[in-house]
Amino acid sequence: MTRSGERLRLPHPALMLVTDGERADVCGDAVCGGVNIVQVRMPGRSTADVIDAGARVRDAIGDRALLTINSDVDAAIALEADILHLAECAGTMVDARARVGGRMLTSRAVHGIEAAIAAEREGADFVLLGTVFASMSHPGGETIGIEGVRAVCDAVRVPVIVIGGITAENAASVMRAGAAGVAVISAIFDAEYPRQAAAALCDAMTTPARAS
């Protein structure tokens with residue numbers, strides 16, 4: 001797939017779906033409901049596996065959403081991904097940006113103010129902040145809550161996307177705290193109707209006055 005050489009822009013509000021590479025059909029359905037970023041996260045898997053899964057996801061979402069590859073720079077380059085996402089302690093943003101070129105956006109996982117400021121200084125286009133609320137993917141882990149989201153959003157200028165226990169019921173609260181968007185897993189993958197679940201998240205983010 002040939003991609004435009006123009007530098008990309010982060011959608012606003014951003015609705016990111018994080019997948020382990022399986023159920024590409026659900027990713028495509030969720031994009032129809034409003035998901036505009038899909039992140040392929042496959043820790044411990046080979047670059048070949050990530051490329052294979054990323055290609056299936058790309059086929060499912062087409063140009064309707066941005067494709068993010070988590071941590072694997074070689075896979076991101078091979079897939080001509082739209083975003084390269086790095087873990088909080090994985091390499092340097094400067095090195096990653098030098099490898100992927102000027103078109104691809106870069107993001108960094110952060111868990112607090114200091115890490116977010118450091119990522120901004122490194123040149124990250126946005127940060128992915130968690131864990132906000134208790135979640136199935138990180139049971140029993142430390143959470144930062146709404147006040148933690150607000151503190152990080154106030155401390156940096158780059159967009160902050162939040163992850164961890166985000167649902168249609170609480171998405172408005174994180175947007176009011178300054179978030180530029182949300183990232184979810186179970187809120188869509190565990191839903192009976194993924195497209196409608198994505199649409200409900202979009203509605204909550206864009207009409208906070210009506211959301212609880």
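What's counted below: heavy atoms across the whole structure, side chains too, no hydrogens, waters or symmetry copies.
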Q) Should the pair D52-R45 be classified as a salt bridge under the 4.0 Å nitrogen-to-oxygen rule? A) no

Q. If you take all heavy atoms of C27 and F189, which pair is closest and at what distance?
A. SG-CZ, 4.0 Å

(Q) Checking side chain to side chain contact (heavy atoms under 4.5 Å, CB included) between V184 and each of V35, I166, V162, which is the one that passes? (A) I166

(Q) Does either side chain, that of E88 or that of H111, offer a donor lying less than 3.5 Å from an acceptor on the other one? (A) yes

Q. Which ILVMFWY residues are connected to L84, directly or by a chain of links, through side-chain heavy atoms under 4.5 Å apart?
A. V73, I77, L86, M93, V100, M104

Q) If every non-hydrogen atom of I185 is compared with every non-hydrogen atom of L17, which pair is closest and at what distance? A) O-CD1, 4.2 Å

Q) What is the minimum heavy-atom distance between V152 and A116, and which atoms define it? A) CG1-CB, 3.7 Å

Q. Closest approach of A179 and V149, non-hydrogen atoms and distance?
A. CB-CG1, 4.5 Å

Q. If you measure from NE2 on H85 to CG on L128, what distance do you get to the nearest 0.5 Å?
A. 4.5 Å

Q: Locate the shortest heavy-atom distance separating I163 from A183; write the atom from each residue and the value.
A: CG1-O, 3.5 Å

Q: Using atom types as modelled and distance alone, determine if a side-chain donor or acceptor of R99 lies under 3.5 Å from a backbone N or O of A96.
A: no

Q: Kindly give the heavy-atom pair with the smallest separation between V182 and M205, and that separation in Å.
A: CG2-SD, 3.7 Å

Q. Strictly by modelled atom types, are T92 and D95 linked by a side-chain donor-acceptor pair under 3.5 Å?
A. yes

